[in-house]
Number of protein chains: 2
Amino acid sequence: MSRPTVHDIAKEAGVSLATVDRVLNARPGVREKTITKVQEAVARLGYVRDTYAANLARQRQYRFVFVLPDGPGQFAQSLRSALHEAYASQIADRTVIRTVRVPIGDPHAIVRTLQGVHADGLDGIALMVPETPQVRDAIARLKDAGVAVVTLVSDLPNSRRDFFVGINNSAAGRAAGSLMGRFVGGRGEILVVTNSLRSRDSVERRFGFDEVMARDFPSVSVLPSVEAHDDPLRMARIVTEVIARRKALVGVYSMGSGNLTLLEALRGNRRSGRLVVIAHELTAATRQALIDDEIDAVIAQNVGHLIRSAIRVLRSLCDDLPIYEAQERLRIEVVLKENLP
Amino acid sequence: MSRPTVHDIAKEAGVSLATVDRVLNARPGVREKTITKVQEAVARLGYVRDTYAANLARQRQYRFVFVLPDGPGQFAQSLRSALHEAYASQIADRTVIRTVRVPIGDPHAIVRTLQGVHADGLDGIALMVPETPQVRDAIARLKDAGVAVVTLVSDLPNSRRDFFVGINNSAAGRAAGSLMGRFVGGRGEILVVTNSLRSRDSVERRFGFDEVMARDFPSVSVLPSVEAHDDPLRMARIVTEVIARRKALVGVYSMGSGNLTLLEALRGNRRSGRLVVIAHELTAATRQALIDDEIDAVIAQNVGHLIRSAIRVLRSLCDDLPIYEAQERLRIEVVLKENLP
DNA sequence: ATTGAAAAGAGGTACGCTCCTCATTTATGG
DNA sequence: CCATAAATGAGGAGCGTACCTCTTTTCAAT
C-alpha cells in the first residue's frame, strides 16, 4: 500500500488529472461542486502532495536573504557559520541563501539594505536587527511586496513580520536568575552587564532576571545594567570599579554579546574567582571560559536549530503551508561545564 | 547559476550519461581511469546528487522498525508519541516506520521480537533494550541480514550496532552532580534512586555523578544506589526510611525512570520540601513536578531530536552516506522551572 | 590481424508532479 | 434552441535521477 498520487485522486473523484491539478494548485476555472468532489477524494484517500516531486517539476527556487549584524560579535559569527553549514546540507535544497551584514548601530544603513535586497525578486528574509520605527516600516514594505519575513534572535513584535525564530528572552532571563540565585547561595549583590539595551533581547532578559530575583531571592540585590557598547576599556573600567567598591558582590550576569570583553575585564581581578558568572550564548570564548571555570553557566540557544528553523519557516510561509509551532519553538539551553556539547 | 546535474557532469567529464550513472551509483564495468575522470568532474562542478529526485526515480522506501520498551514508563510513552509525530512529517519522505513494544524485563521475548521483525524485508532498526548476550547475538544476526542497527538512549557498545543515538550518560550524570553540589550548598548526604541498574544508562549516570561529587564537592556524601524495580511500595518504604534515618540528607538524585513513584514517595514526607531533587527525562510528571517546585532540575534529552536523529542516521546507513556526527550528537538538556519548553 | 570480453555510449521509460495546449463537454442567457 | 462562455478532459513535455536494453568502441590476449 503506497501513497496515493494525483492519479488516484482523479480516479477517486471521477475527474481528469487536469482538474485535480487545477484544484490542488488553486487555479481558476473549476466549479465549486467539482472542487468539493476533488477535496473529498483527497480527504478520503489521505493524499499528501509530494513536495519534493512538486518542487522538482516546478523548478522551484527559494531565494532567501539573512540579514545579520556585522561587527566583531562572536555570536553573529557563529550564526554565520551555522548558516553556511545549513546551506551545505540538504536542508537547503532548492534554496539559495544570501547573507547580508549590516552595521547594527546604524538604522538608516539597515533600512537601505532592506530596500536594496528586495530589488531582485526574493521570497523570504530573516533578520536580526534592533527595533526602530524605520525598520518596522521597511518590513511593512517587504510584506507589501509579498516577501516572507521572520525575525531572528531578537523579535520585532510590533512589525508586520510573519514569525519570530528565537528563544523566549524573558524566560531565558528567568532561567539565568534562578541559577544565579541558587549558585550564589541566596544573598549578595549582582552586577548585570550588556553590550546595549537598545536591542529587545537584552531588555527582556533583564526583565525576566529581575522577576525571579525579586520573587525567589529577595536577599540578593541586582545592580543597574551596565552597557559596554563594544568598548573593552569602558567594560574593564566599570567592572574593576564595581568589584573594588562593592564588597558584597557575588555574581555577574552578562546579558548579551560582549562576553569577551567582560572575561578580559574579570581576569584582571583577584576577587573574580569567587564570583558566579552567568553569560549568554555559547561561543568559542564562553566555551573556553566554562572549561576554565571562569563562567559557571551559559544560557544559550542552538544556532544550528535557529537557522534551520528559520529556513523551514520561511519555506512554509512561501508555500502557504502550516508551521509546526512545536518544532520551531527553540529551547533555552542551560550549559554547564559538564554538559558542554 | 543553478545546480549542476548529471548531464553537466557527463559533458564536463567527456563521457556519456550512462557512464556517469555507473560511476555515481558504483555500478561495475567502468575503468579506474574513467571513474577518476567522472569524480574529478563532480568535484570541479561541485555536483551534489538531488536525493529527492533520486528517491523519486528509485521508488525508494525506507522500512524501519523501532523497538521500544513496553510498560508504564512515561519516558517510553513520550518516545512513542514523538515517533508518531515524526511519522506524520516523515510520511513525505518515503519512510515507513513501525513500532514494536517489548517487555523490558524479558530478554527472550526481546530476542524473539528481533527475529520476528526481520522476517519481512526491513532496512533498519532502532532499539532501546537492556544489554544481554542474547540481544547482542540477535543484533549480529540482523547485521548479517544487512539491516542497519542503531541503539537508542541506552547504548550496546559491545554489539555490532552501527550507531548510538542518545546522550552521553556519564556526562549527564556529571551535569546532575554539578547542579546537585551547587544547589545543596556543598555539604550533606545524597540519596540516589533508580529503577534498575541493569540498563547501562543508569550505571553510566551514577559513574558520572560520583565523579563530580568526589572531585568538586568532597563534603557531600553520596549514598549507594537504591533500585525500585517498578515497585512503588518498595520505593516509598526506602525513601521514607532514608529520610527518617538520615538527618543529613539534603538531596535526591533520580537516575532513571520511575520518577513518578519517587515523587509519590516524597510527597508523603514532611522534610522533602527542603530536599534538592534532580531527576532525568522530561515527562508529564517531571514537568508538573518542576512547576510545583517538587523537582529542582531535570536532566533531559529531546525525544523529538532523538527520534529524528535515529531516522536520519538509519537512512544514511541504508544509503551508505556519511553521518554528520555533529548534528546527531544529542545535547544534554538542563531543565529548570524557568526554561521549561 | 583476429577475437572476445570489458568498457562506454545511446536512448528509452519511469517516478509524482507542474504547466501547457487544444479539444470537447456542459451550463447559461437570449 | 442556439450561440457563447465556462468547465472539463486528454495528452504531452519536462524537472533530475535511476535503471534498463541494445549497440558500438576499446583494448588486451592470441
Side-chain angles (χ1 to χ4, degrees), chain A residues 1-39 41-42 45-62 90 92-96 318-321, chain B residues 1-42 45-62 91-96 315 318-321:
Chain A
M1 244 321 275
S2 65
R3 280 173 56 172
T5 72
V6 277
H7 294 88
D8 300 320
I9 299 299
K11 224 179 292 167
E12 176 78 12
V15 299
S16 75
L17 217 110
T19 303
V20 171
D21 179 64
R22 285 190 262 257
V23 173
L24 288 182
N25 294 294
R27 273 186 259 276
V30 188
R31 244 177 317 175
E32 206 51 57
K33 230 174 61 187
T34 317
I35 294 183
T36 316
K37 260 202 310 194
V38 172
Q39 285 173 340
V42 166
L45 297 188
Y47 168 81
V48 202
R49 169 205 254 114
D50 184 330
T51 352
Y52 299 112
N55 283 342
L56 178 61
R58 198 190 307 224
Q59 281 284 79
R60 183 77 159 96
Q61 281 267 91
Y62 300 91
Q90 72 276 27
D93 74 315
R94 298 180 186 293
T95 309
V96 180
C318 288
D319 294 346
D320 266 317
L321 291 173
Chain B
M1 204 39 233
S2 65
R3 277 172 55 169
T5 72
V6 277
H7 295 89
D8 300 321
I9 299 299
K11 224 177 295 167
E12 176 77 15
V15 299
S16 75
L17 217 112
T19 302
V20 172
D21 180 64
R22 286 179 189 121
V23 173
L24 289 182
N25 294 293
R27 273 185 259 278
V30 188
R31 243 173 317 177
E32 207 50 59
K33 228 173 62 187
T34 317
I35 294 183
T36 315
K37 261 204 308 196
V38 172
Q39 285 172 339
E40 278 171 0
V42 165
L45 299 187
Y47 169 81
V48 208
R49 171 204 250 112
D50 183 331
T51 352
Y52 298 111
N55 283 342
L56 176 62
R58 200 190 307 227
Q59 279 290 80
R60 186 78 160 95
Q61 280 267 89
Y62 300 90
I91 194 143
D93 251 336
R94 345 193 87 76
T95 308
V96 180
R315 214 182 282 136
C318 288
D319 294 346
D320 266 317
L321 291 174

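Note that the coordinates shown come from a computational prediction; the quantities given were computed from them, not determined experimentally. Letters A, B, ... mirror the listed sequences (proteins, then strands); counts begin at 1.
The salt bridge (charged side-chain N to carboxylate O under 4.0 Å, His left out) contacts involving residues 14-28 of chain B comprise B/Asp21-B/Arg27, where partners must be two or more places apart or lie in separate chains.
Closest non-hydrogen pair, A/His7 versus A/Leu17, comes out as CD2-CD1, 3.0 Å.
Under the rule for a side chain to side chain contact (heavy atoms under 4.5 Å, CB included), the partners of B/Leu56 that lie at least two apart in sequence or sit in another chain are A/Ala53, A/Leu56, B/Arg94. Applying the side chain to side chain donor-acceptor pair (under 3.5 Å) test to A/Arg31 and every residue at least two apart in sequence or in another chain returns nothing. Every residue two or more places apart in sequence or in another chain that forms a side chain to side chain donor-acceptor pair (under 3.5 Å) with B/Tyr62 is listed here: B/Asp319. Residues passing the side chain to side chain contact (heavy atoms under 4.5 Å, CB included) test with A/Leu45, sequence neighbours excluded: A/Pro4, A/Asp8, A/Ile9, A/Glu12.
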Classify every nucleotide of nucleotides 12-20 of chain C by which part a protein heavy atom approaches to under 4.0 Å, writing B for the base, S for the sugar-phosphate alone and - for neither, in 5'-to-3' order.
---BBBSB-
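Dashed line: the shortest gap from a side-chain N or O of B/Ser16 to OP1 or OP2 of C/dA10 is not under 4.0 Å.
Straight-line distance from the CG atom of B/Asp8 to the P atom of D/dC15: 11 Å, rounded to whole Å. Between the CZ atom of B/Arg60 and the C1' atom of D/dC19 there is a distance of 15 Å, given to the nearest Å. Straight-line distance from the NZ atom of A/Lys33 to the C1' atom of C/dT28: 14 Å, rounded to whole Å.
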